[in-house]
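Notes for the one structure printed next.
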Amino acid sequence: MMLSRIADSMFWIGRYVERADQTARILDVMLQAITEDASLDAAPACRGVYQIFGVEDVEDSDLTVQRVLDRLVTDRQNPSSVAGALQTARENARGVREALSTEVWESLNTTTLGLPRGVRPSRMHGAFQFAKDRCAVVDGLVDSSMTRDEAWLFLRIGQLLERVDMLARNLQAHDLEDSSDAATVMLLRSCSAHEAYIRSYRGRVRAARAIEFLLLDSIFPRSAAHCLGEIDAALEALAKLHGNSFDRLGTAEPGRQIVGRALASLRFRPLDDIVESFDDEMEQLQMVTGAVTRALGTTYFHPAN
Amino acid sequence: MFAPDGSVHPTYQALHDALAGLGLEEFRARSESLARSYLDQGITFDYAGEERPFPIDAIPRVIAAEEWTRVSAGVTQRVRALERFLDDLYQDQQAITDGVIPAELVTSSTYVVDAMRGYTPPNGVRIHISGIDLVRDGAGDFRVLEDNVRTPSGVSYVLSNRRAMAQGFPELFAARPVRRVGEYPGRLLAALQAAAPDTAGEEATVVVLTPGRFNSAYFEHSLLARTMGVDLVEASDLVERGERIYMRTTAGLRRVDVIYKRTDDEFLDPEVFRPDSMLGVPGLVRSILAGNVVVANAIGNGIGDDKLTYTYVPDLIRYYLAEEPILPNVDTWRLEEPESLEEVLDRLDELVVKPVDGSGGKGIVIGPAASLEELGVLRERLQADPRGWIAQPVVQLSTVPTLVEEGPEPRHVDLRPFALNSGDDVWVLPGGLTRVARCPAAR
């Protein structure tokens, strides 16, 4: 058993590293599209980008690619920017070094040392690449150097929850009416799913198929169904470690109930039903993250004594 | 490294030759990569709220085996005497009855913790971890500058520095056999487990208690916990229930047997000390007195490294151990003795004056370097509170070569060896922390 404070930090390290990674991936695609399309009006496009990340206080002066970079990439005061998320992950890691492998700590530490203070649109791809590479290093070292103990499970759950959350936000912002190839390819690419989709379905992209792939594909590691399944497995492993392995009536654990319901509601309903009330469904999916976070709080981070 | 005539000291010959073989440019390049690696590893200390890489000097300090044997024996002797002193002080105070130390030493100290009177730790040890600061005098002999028996820090840098040096400058280690320091964490854990209360199970649960990640020595707290394989806890992770101490885990409360505390006494338990402390665990002292948990080092050790106590340590060694001190003190005036105070006030501009409760050079005034105004202020403070100060002559400190901007330069140094007391024996880590003066040595 581990200290609750450390478990909590591990969970947030997982979330923040994933947030940095996802933010870099989405912005890389979206901002590139804005800058390379001269016919596009940048202002509404930038507003759309802020919307994905739930940024509310957007002034007109913020509606440029440079401002998006300032606010969502290099602003260290904002824990949802790429640099801010990595900085926050590193600060969390500093408080729990004894629970991380030295390699993971050092990779997080050197990552923050190398974060850019400012990025211009002409150089942004390099900055995104740096962030993605560094997140991949952290992820790889977590995978190869850490015991599959509680600490690892909390980190992993945080990472997967954040991934589902970002996917749901991205999907929610997507215009379902626009079934053009360009819009669908863009969605797939911003979910880092384009190549995987092409390989799975062959041939040209189709909007409905893309949504299906992103939500339901059970073997694509960034789909909602896959991530929820992994979260459930991790929660079960956690329960076993705590001696709650067998529950004849299903499970009484609130976290697993929430995840199980979300997974079932995606998997065992016709896709048309989901698409029908897509906005609501994606909202529901995002609420899973908050609900599971709270459930972990009551079960593990602040258990009643 | 060098004798006064410029020849290389025999102890340093092998190191000198190895360094000369590298050349200054290569040496500087490797030294810079050493600094870089400290930054990457996060080997830092907090200074004025900012996290900074710990500076390391790439020129090693060599101490010959035969000299170390004496240092080690001297440190051990000192720790044993101070253990006896603390034990006596919190029990019968026989040393006062026998006139070895004046009663005022104790009654006037702010470091005697009344709550701990009559308490004896389960294995009798109060100074589990100590750091005894040494300097070389003009004749080249080691003397004790001060004792640290509360929360001496710095050992993590000994361990990290050694590893970094072995990686960056392997040839320097190949040149001579160097004793290893890597067994420290294992020894520390053993000493802490040996201190556990009788109620503890076969394998006592040990934790390191840190004030938090903004503490200047946080890196050390983390490293020690990590290398011992124990939890690093903050006060809010601990809770007292029925005079037992527990930590909050993902599976609820779990019993703690031994706490290696890195928080100052006065913050440890708001029930007994500062009621406003956020860094403490209410009920900790009650749990200690009930014999259900052990804190290392013991609460109330401050009287042991009070600088006025320091002046009596040679007498304490003779009194408790019936031995002659192996390592002498630096000559010291006790200012509460009127004739000493008078002499010191006359010679203020040539002496070093230190507050009795400061460690690591805090509050120290160096007479020859102070302005007339500063000396005036000091004079008033000494007259107002003679118990609060001691005075020492400016020791002709030895120097070692240190790499600075301009190249290698002589700098004044001290040496802090670390000792662990497991109850069965006092073990001195064969290595120490050498701290280097920031300013150039007068030549």
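In this text, all values refer to a predicted model and were calculated from it rather than measured experimentally. By convention in this document, chain letters (A, B, ...) are assigned in the order of the sequence lines, proteins followed by strands, and residues within each chain are numbered from 1.
Residue-environment remark: CD (A:Q77) stays at or below the threshold of 12 foreign heavy atoms within 6.0 Å. No more than 12 heavy atoms of other residues, nucleotides or ligands shown are found within 6.0 angstrom of CZ on B:R163. Counting heavy-atom neighbours within 6.0 Å of B:R28 CZ, excluding the residue itself, gives a total above 12. Within a 6.0 Å radius of CZ in A:R148, other residues, nucleotides and ligands contribute more than 12 heavy atoms.
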Show, in sequence, the C-alpha distance, side-chain angles and deciding distance for A:T102 and B:R226, and conclude whether the side chain to side chain contact (heavy atoms under 4.5 Å, CB included) test is met.
CA-CA 10 Å; A:T102 299; B:R226 198 153 21 94; 3.9 Å; yes
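With a threshold of 4.5 angstrom between heavy atoms, B:Y218 approaches chain A through side-chain atoms but not through N, CA, C or O. For B:L39, the parts lying under 4.5 angstrom from a heavy atom of chain A are both the backbone and the side chain. Residue A:S107 does not touch chain B at all, counting heavy-atom pairs closer than 4.5 Å. In this structure, the portion of B:R254 lying under 4.5 Å from any heavy atom of chain A is its side chain and not its backbone.
Counting only distance, with no hydrogens or angles, the side chain of A:Y300 and the backbone of B:T249 share no donor-acceptor pair below 3.5 Å. Listed for the B:R248 side chain is no donor-acceptor partner under 3.5 Å among the backbone atoms of A:L3. B:R213 places a side-chain N or O within donor-acceptor distance of the main-chain N or O of A:E91, the cut-off being under 3.5 Å. Of the possible donor and acceptor atoms, none in the side chain of B:D40 sits under 3.5 Å from a partner among the backbone N and O of A:T110.
Nearest approach of A:P303 to B:G252, heavy atoms of both residues: CG-N, 3.9 Å.
In terms of heavy-atom pairs under 4.5 Å with chain B, the best-connected choice from A:R5, A:E98, A:M1 is A:R5. Per-residue counts of heavy-atom pairs under 4.5 Å with chain B were compared for A:W105, A:F301, A:F154; the largest is that of A:W105. Counting heavy-atom pairs under 4.5 Å between each of B:V230, B:V207, B:V233 and chain A puts B:V233 at the top.
Using a 4.5 Å heavy-atom threshold, the side chains of A:H242 and B:T250 count as touching. In this structure, the side chains of B:Q41 and A:N109 stay at 4.5 Å or more apart for every pair of heavy atoms.
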